[in-house]
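Take a look at the structure set out below.
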Amino acid sequence: MSTPVKKVPIHLQSAQNRLLIKHGKVVNEDDITEDDIYIEDGVIKQLGRNLIIPGGTRVIDARGKYVLPGGIDPHTHFEMEFMGAKSVDDFYQGTKAAVAGGTTMIIDFVMPKKGESILDAFYEYRQKGDDKVCCDYGLHVALTHWNEQVRREMEVLCKEHGVNSFKVFMAYGFMLNDSELYSVFETCQKLGAVAQVHAENGAIIAKNVERLLAKGITGPEGHEMSRPEEVEAEAVNRACVIAKQVNAPIYILNVTTEESGNIIRTARSKGQTVFGEVRAGSIGLIGDPRNANMITAPAIRSRPETPFQLLGLLASDVLQVTGSDNCTFNKSQKEMGKNDFSKIPNGVNGVEDRMSVIWEKGVQSGMIDPCRFVAITSTNAAKIFNIYPRKGCIAVGSDADLVIWDPTKTRTISASTHHQAVDFNIFEGMVCHGVPEFVIVNGRVCVDDGQLRVVQGHGHFVETPVYAPFVYDPEKIADLKPVRNGTHDDNLSEHVHKVTIED
Ligand code: URP
Ligand code: ZN
Ligand code: ZN
């Protein structure tokens, strides 16, 4: 029997957790300032210059570097049973890898079995996650079937368990039909939740798979052939049309094509609340149809211009969020489909490398600036899932989830050095500018001058309340204006040895 991990409340942790980050370029979604950051008890207590801070505080010099809000990866699948296999990164190894790459919070998906109580499945995921996570985490809940019990349990999850987002599938054996999607969206709207959609036309994919296998196309190239771009776009459009009928906000997961992006652009331009997310793999790579290890759904497209187009959509706010869709299966598990591409477990890595890949392809290439990088890797997810400004920004009173990012250093991504459990890396050999030299998770230095020092169980479950203003009442987002300068009011006075550190 394993010993349960005792969580030390942040306020009881020692003075080693007093930190001053000096001389860095502090990046938020809307500006870059040259401020120092004082952290205590896991929270940003002061922001500004010439801060008065207690003696004994550790000082980290961030001169020449950016200080970014920790990444929020809103799309992971740790230790998930899927397509007859179980993903190999668990909540420990997955969050450890996340932190190594500069991500300080993940949101995973509870995957109930078809017919299972979604509440029971949620409890199981809390049990899997709570004692293992190295950083904070939240949970979306997938709806793999639909009935009155599911509706009642959605309400319980929203009202009592801090869940505000539900995923539906338009493909796979557990896809919902249009009438069920309508009911889910309507229920989400009534609860103030966000409906997330895996948008692909499952009926067409099933017929295409049958046809391709009958023609003798059994290799990995059959995957993208069976789910071409228009099969995704049709589902994105249908999801938008259904959501519009009941005035429900929706969030399209893993937008992989410009065509899908344009459908979202049109819906948004007509005033519909639709958000779009892009997978790091779809930004970092051109799909190789012969490579089973790259198989995920919707597919990483083999069209060479796609990554550039997706970045353009992220840059112009047609799409708002990047996730990893980290769902890792080892080579031996991918082999399950060696005679039939439709049996290759779908999923790729990305939780560790998302920040670097987006920086390299987005900021280093000049397509987006550091502020937009922060928006699409952290702030927008925090706003949509209603944890802003506690997360997703550097402000007085926010959680001290920070990354000191050296844009001049490079690293080469490799399975031989990554921290994930999976035995290959889809980004193998990619050289990325931007290295997370320090990663601070709830005030604790978990990457210290490049050295990874995570603690299993250090993270907590973070409730995501319903009725996010960003989603349901965008005008109110201004009321949440984070404090960008000054001092957090409580208890600085309790420290007797105050010193001022001069510039
Ligand atoms: O292919 C993928 N993305 N696997 C994980 C499950 C899902 O649909 O997100
Ligand atoms: Zn999906
Ligand atoms: Zn996914």
Side-chain angles (χ1 to χ4, degrees), residues 73-90 94 98 106-114 121 125 137-144 165-176 181 184 194-202 205-206 209 220 222-224 226-227 231-232 235-236 239 250-257 260 275-285 287 289 291-301 321-330 333-334 336-337 341-351 354 381 385 420 422 426:
D73 185 342
H75 194 151
T76 65
H77 303 280
F78 296 146
E79 47 190 296
M80 179 177 78
E81 282 170 38
F82 188 63
M83 296 181 72
K86 187 172 176 185
S87 61
V88 292
D89 282 304
D90 67 3
I106 60 100
I107 314 182
D108 205 90
F109 290 83
V110 174
M111 271 293 279
K113 294 184 182 64
K114 200 171 169 146
Y125 267 71
Y137 82 113
L139 289 170
H140 316 289
V141 174
L143 306 178
T144 48
S165 38
F166 297 92
K167 173 174 179 176
V168 288
F169 292 87
M170 297 173 80
Y172 295 115
F174 32 77
M175 70 191 200
L176 303 187
L181 293 172
V184 170
V194 178
Q196 298 178 284
V197 185
H198 178 120
E200 292 185 288
N201 184 317
I205 294 167
V209 167
H223 180 73
E224 192 184 1
S226 69
R227 41 213 324 152
V231 168
E232 176 185 326
V236 171
I250 51 166
Y251 177 107
I252 308 291
L253 296 149
N254 289 331
V255 174
T256 74
T257 75
S260 297
F275 302 106
E277 177 203 271
V278 183
R279 178 198 296 123
S282 294
I283 297 285
L285 300 168
N291 186 350
N293 295 347
M294 255 201 210
I295 281 186
T296 183
I300 296 175
R301 300 293 168 187
V321 181
T322 58
S324 64
D325 194 14
N326 194 94
C327 184
T328 44
F329 298 104
N330 278 335
Q333 293 171 297
K334 293 276 187 185
M336 286 163 56
F341 66 85
S342 70
K343 296 199 164 55
I344 301 169
N346 293 351
V348 293
N349 64 285
V351 74
R354 179 183 65 117
F385 300 111
Q420 305 205 214
V422 64
I426 54 167

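Counting starts at 1 for both ligands and their atoms, following the listed order.
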(request) Using a cut-off of strictly less than 2.8 Å, determine whether Lys167 has an N/O/S atom near the Zn ion (ligand 2). (result) yes

(request) Starting at CZ of Arg354, measure out to CG of Asp325 and round the result to the nearest 0.5 Å. (result) 12.0 Å

(request) Hey, could you give me the CE/CG distance between Met170 and Leu176, rounded to the nearest 0.5 Å? (result) 9.5 Å

(request) With side-chain contact (heavy atoms from CB on, under 4.5 Å) as the test, would you mind laying out the steps for Glu200 and Met175 before giving the verdict? (result) CA-CA 10 Å; Glu200 292 185 288; Met175 70 191 200; over 6 Å; no

(message) Geometry only, no angles: is Arg279 polar-contacting ligand 1 at N/O separations under 3.5 Å?
(response) no

Within a distance under 4.0 Å of any heavy atom of [X], pick out the atoms of ligand 1 and give their elements.
{"X": "His75", "answer": "9 (O)"}
{"X": "Gly347", "answer": "1 (O)"}
{"X": "Thr296", "answer": "1 (O), 2 (C), 3 (N)"}

(request) If you have a sec, read the angle at the Zn ion (ligand 3) from Asp325 atom OD1 over to His75 atom NE2, to 10 degrees. (result) 80°

(message) Which atom name would you report as the N, O or S atom of His198 nearest the Zn ion (ligand 2)?
(response) ND1

(message) Counting the benzene-type ring for Trp, do Phe82 and Tyr172 have ring centres under 6.0 Å apart?
(response) yes

(request) If you have a sec, work out which protein heavy atom is nearest atom 8 (O) of ligand 1 and how many Å separate them, to one decimal? (result) His198 ND1, 3.1 Å

(message) Considering non-hydrogen atoms of the protein only, which is the closest contact for atom 1 (O) of ligand 1, and what is the distance?
(response) Ala297 N, 2.8 Å

(message) If the threshold is 4.0 Å, N to carboxylate O, is there a salt bridge linking Arg301 and Glu224?
(response) yes

(request) Go through Val168 and His198 one step at a time and tell me if the side-chain contact (heavy atoms from CB on, under 4.5 Å) criterion holds. (result) CA-CA 6 Å; Val168 288; His198 178 120; over 6 Å; no

(message) I'd like to know if Phe169 contacts ligand 1, where contact means a heavy-atom distance under 4.0 Å to any ligand atom.
(response) yes

(message) Out of the candidates Phe385, Tyr251, Phe166, only one should pair with His140 under the side chain to side chain contact (heavy atoms under 4.5 Å, CB included) rule; please name it.
(response) Phe385

(request) Please confirm if an N, O or S atom belonging to His77, backbone or side chain, lies less than 2.8 Å from the Zn ion (ligand 3). (result) yes

(request) For ligand 1, note which part of Lys167 has a heavy atom under 4.0 Å away: side chain, backbone, both or neither. (result) side chain

(message) Between Thr76 (side chain only) and Cys327 (backbone N and O only), is there a donor and an acceptor less than 3.5 Å apart?
(response) no

(message) For atom 3 (N) of ligand 1, which of the options Asn346, Ile344, Asp325 provides the nearest non-hydrogen atom?
(response) Asp325

(message) Could you tell me if Thr256 and Glu232 have a donor-acceptor pair between their side chains, going purely by distance under 3.5 Å?
(response) yes

